[in-house]
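Predicted model only: the values in this text are computed from it and were never measured. So you know, we letter chains A, B, ... as the sequences are listed, proteins then strands, and number each from 1.
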Amino acid sequence: MKLHNTLTGKVEPFIPLQEGEVRMYNCGPTVYKRQHLGNFRAFITADLLRRTLTYLGYRVTQIMNITDVGHLTEDDVADASGEDKLQKIAKERKLDPWEIAREQEQFFKDDLAALHIPPADEYPRATDHIPEMIAMIETLIEKGHAYEADGNVYFSVESFPGYGKLSGNTPDKLEAGAGGRVVADRDDKRSPHDFALWKRDPKHLMQWDSPWGKGFPGWHIECSAMSHKYLGETLDIHTGGPDNIFPHHECEIAQSESIFNKTFTRYWVHCGWLEIGGGKMSKSKGEMYTLPELFEMGYDGRDLRMFLTRQSYGGPLPFDLDLLDQAKAERGRFQNFVSYEMRERPEGPDNPAVGAAIDAARAAFRAALEDNINTAGAMAALHTFTTEINRIGPNRSEAENVIAFMRECDAVFGILDPDGARSLDEEIEQLIAERQAARDKKNWARSDEIRDELLARGIELLDTAQGVRWKKT
RNA sequence: GGUGGCGUGGCCAAGUGGUAAGGCAAUGGAUUGCAAAUCCAUGAUCCCCGGUUCAAAUCCGGGCGCCACCUCCA
């Protein structure tokens with residue numbers, strides 16, 4: 001298995017700290033507003049990693065945080081009007097921020113389920129880990145990495161020489177390249193690059209007691225605290241969206257490594273942006289789609305999975321409805337293959353080419369995944385496979401092996417509907433029978449009339465060599 | 001200004017030294033009562049200009065274009 005590591009900028013062999021076991025932390029959602037499709041690219045990437053590692057035989061422990069405390073709107077230049085997003089929405093909706101956080105957390109989990117993303121081992125909430133964060137901040141102060149200023153606590157970036165190793169944004173570069181954007185307008189900070197560990201703001205709706213008075217934690221410390229609690233001092237994998245690289249993950253490294261004096265995360269994995277109209281899909285910009293909106297338009301969770309997984313996770317992914325249709329059509333090809341082409345196959349002589357094709361496809365599939373989760377390559381292997389099998393025309397038992405293999409691969413992609421009990425109501429069964437009778441009499445007009453009627457009701461009829469088949473559209 | 005990424009056929013996209021996977025769409029053919037599905041066939045001087053090499057989409061240098069981060073953001 002090879003993975004692209006943001007820390008080195010290279011694809012490198014993945015070797016977990018403990019053989020066969022992977023400890024993975026995923027930066028989760030900020031629960032103040034419904035997540036949109038772009039957000040889910042990061043969560044699908046985490047899911048894909050977990051599924052791939054599991055497929056390859058690793059035992060994976062997966063932790064995803066829930067950021068329910070909200071972030072500082074202006075981490076560096078917060079002032080009296082600086083407001084937390086959660087708090088802002090709460091005011092607008094005249095609701096308790098806790099209520100919104102819990103409601104949005106549930107929506108998030110609903111959306112994960114709709115995307116067929118199995119739950120992580122834990123979804124720790126930031127607000128449930130305030131004592132752990134405070135303890136870490138105290139340690140940072142003791143070790144000289146942080147300082148208090150009037151109820152605020154800041155991390156001193158210059159106390160950590162490794163700052164910038166993840167993103168390339170070292171303090172000198174930030175200084176040189178600031179372009180007027182880094183402004184030292186907070187005089188209680190020793191350096192404009194220092195970031196908040198604990199904030200004092202009487203107007204803030206979520207408040208906790210601390211050694212520095214009432215206040216609330218800075219954004220970055222929660223991930224250092226929770227990853228440590230659930231996964232230990234060194235993580236194998238830490239994931240997130242591209243926006244997390246700087247400053248969030250850079251700051252996490254500074255905090256955790258300053259405390260434990262050891263590598264915080266061995267492999268940093270970040271997905272690329274989901275782009276719409278040439279730019280990123282973003283909560284703070286207008287154009288975006290939530291899952292319920294897309295379901296309303298007739299796409300289902302597996303179509304969205306197909307769209308989000310069919311190309312490599314690392315680069316930018318353009319989004320528009322035409323591309324989503326392309327993905328839906330591509331998924332339809334696989335679904336059709338397992339649900340119809342390979343069903344009710346006739347008995348017949350064995351063909352050794354079928355087993356050989358499965359072996360070859362499995363090897364190609366696995367090799368692609370091991371190469372930095374090359375999903376496009378793995379998909380291509382399956383397309384080549386299905387075409388070859390369709391050409392061969394396997395017998396009944398061979399077709400069962402083919403389906404089993406496709407299901408095996410789908411443990412990674414999660415794009416195939418399980419063929420549950422397939423039944424139609426009696427009226428429809430009767431119409432199908434009536435049409436068959438009409439066809440036997442070559443009454444094509446009546447036959448086509450029934451076919452059109454059923455199509456309008458979402459049942460598509462297909463006349464095959466094995467008789468009439470139907471599928472839901 | 002700094003940092004990171006991207007530029008491959010109509011669309012999407014693998015491939016990072018040996019002469020371009022795959023999907024979507026389109027067209028023709030086989031099959032079909034007609035369809036659908038399926039199978040077969042058809043398309044690329046890999047952004048530009050130099051250079052290295054027997055050999056470059058792939059390495060090096062220089063351009064051009066696009067995106068993002070540096071402020072909350074997956």
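Between Thr45(A) and the phosphate of rA74(B), there is no side-chain N or O to OP1/OP2 separation shorter than 4.0 Å. Within the 4.0 Å cut-off from OP1 or OP2 of rA74(B), at least one side-chain nitrogen or oxygen of Asn39(A) is found.
For rA20(B) and rA55(B), the C1' atoms lie 15 Å apart once the distance is rounded to whole Å. Nucleotides rA37(B) and rG28(B) have their P atoms positioned 15 Å apart, rounded to a whole Å.
Of the residues in residues 265-277 of chain A, those with a non-hydrogen atom less than 4.0 angstrom from any atom of RNA chain B are Gly272(A), Trp273(A), Leu274(A), Glu275(A).
Identified under the salt bridge (Lys or Arg N to Asp or Glu O under 4.0 Å) test for residues 356-365 of chain A, with sequence neighbours left out: Asp359(A)-Arg362(A), Arg362(A)-Glu408(A).
For the residue pair Arg457(A) and Leu431(A), the shortest heavy atom distance occurs at NH1-CD1, 4.0 Å.
Of the two residues near RNA chain B, Cys27(A) and Phe246(A), the one whose nearest nucleotide lies more 5' is Phe246(A).
Residue contacts shown for Leu323(A) are limited to sugar-phosphate atoms, with no base heavy atom under 4.0 Å away. Across all strands, Gly315(A) comes closer than 4.0 Å to no nucleic acid atom at all (heavy-atom distances). Looking at heavy-atom distances under 4.0 Å, Leu461(A) makes contact with a base.
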Summarise how protein sits on nucleotides 14-30 of chain B as a single string, 5' to 3': B when a protein heavy atom is under 4.0 Å from the base, S for sugar-phosphate-only contact, - for no contact. SS-----BSBB------
